[in-house]
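Along the sequence shown, residues carry numbers from 1. Keep in mind that what you see is a predicted model, and the values were worked out from it rather than measured. Atoms within a ligand are numbered from 1 in the order they appear, just like the ligands themselves.
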Amino acid sequence: MKIFTKTKNLIEYISTIKDKKIGFVPTMGALHNGHISLIKRSTDENDITIVSIFVNPTQFLEGEDFKKYPKKIEADKKICSYAGIDILFLPTAKDIYSDDEPHLLAPSIKGYIIEGYRRPGHFNGVLQVVLKLLNITKANNAYFGKKDAQQLYLVKKMVESLYIRTNIVECDIVREENGLALSSRNIYLTDIEKQKALCISKSLKKASALVINGERNVDSLKNIILHELKEVRIEYIEIVNRNFEKIEKIEINNSIILIAVYVGATRLIDNIWI
Ligand code: PAF
């Protein structure tokens with residue numbers, strides 16, 4: 001596994017790679033089984049896999065957890081090496097960003113609803129760094145988890161709108177056996193909070209079971225989820241179609257139920273695609 005910390009050196013190296021399919025997994029580190037499943041998919045489907053670890057400052061809002069975002073670089077290096085990746089990219093913010101540079105703005109509607117409404121500007125930072133990383137890596141395939149459903153939607157939209165030649169691969173959410181969706185931020189949870197957080201996936205499972213049994217009404221489903229979410233502070237429960245448009249009735253194979261809650265001081269998001 002080659003490790004690059006300078007963008008210039010990585011670009012030079014990638015320019016020497018010919019006739020090989022490149023897979024790319026962008027991350028912010030503190031790797032868990034969710035990331036490992038993205039990496040595995042990339043190593044299975046490509047000749048070369050690049051993983052980036054970069055806690056991107058521009059996607060954190062004032063007062064968010066940028067400074068305390070979990071860092072486990074030595075463990076992450078081992079995980080990447082065992083997973084058989086070819087290139088690990090560990091840039092610094094100074095290397096990625098210059099003082100005065102063009103900015104990419106998330107779409108003014110879909111970038112500012114749901115997650116984007118609670119974290120205005122967050123998706124500008126995400127798209128800005130993902131665009132840079134896709135340009136640097138020249139990936140044929142880039143792997144994103146469905147857990148960050150709106151991020152995934154907006155990245156796909158950006159790739160389509162800017163004619164970027166990377167295929168965005170949607171990857172399933174990975175959960176603990178008890179249903180808790182894996183997230184680097186789960187590290188912040190105490191054991192008691194972890195127990196409390198289980199109501200999130202349970203509520204989504206219940207909603208999905210009701211849909212299977214014929215329930216289609218979005219308001220009824222939201223109400224049921226609301227009652228399941230105990231001992232957490234609800235930020236939102238939203239049901240949209242896969243174009244991130246509000247719907248009144250569930251459209252099978254075209255709907256997503258999204259939840260954001262606080263468990264203690266930790267903000268968690270989760271969703272289910274139905
Ligand atoms: O999902 C993430 O970890 C980040 O938003 C990403 C895609 C690596 C961009 O910083």
Exercise for the section: Indicate the atoms forming the closest heavy-atom contact of D47 with D86, along with that distance. Expected result: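 So the two residues come closest at O-OD2, 3.9 Å.
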Quick check on contacts: which atoms of ligand 1 are under 4.0 angstrom from a heavy atom of [X]?
X	result
P26	8 (C)
T27	8 (C)
V129	9 (C), 10 (O)

Problem - Among L38, I85, N141, the one residue meeting side-chain contact (heavy atoms from CB on, under 4.5 Å) with T49 - result: I85
Handout entry: Residues Y69 and E64: side-chain donor-acceptor under 3.5 angstrom
Key =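 There is no such pair (donor and acceptor under 3.5 Å, judged by atom type) between the side chains of Y69 and E64.
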Practice task
Tell me yes or no: between the side chains of Y153 and K110, is some donor less than 3.5 Å from an acceptor?
Solution key: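 Note: Y153 and K110 side chains meet the donor-acceptor criterion.
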Handout entry: Pair K21 + E45, salt bridge at N-O below 4.0 Å
Key = no
Problem - Carboxylate-amine/guanidinium proximity below 4.0 Å for E235 and R119 - result: no
Problem - Side chain, backbone, both or neither: V155 near ligand 1, heavy atoms under 4.0 Å - result: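 It is neither; nothing of V155 touches ligand 1.
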Handout entry: Nearest non-hydrogen protein atom, atom 3 (O) of ligand 1
Key = M28 CG, 3.6 Å
Practice task
State whether the shortest distance between N or O atoms of Q151 and N or O atoms of ligand 1 falls below 3.5 angstrom.
Solution key: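 There is such a contact, yes.
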Fill in the blank from the handout: Checking heavy-atom distances from atom 4 (C) of ligand 1 to each of Q59, H35, H122, the winner is Q59
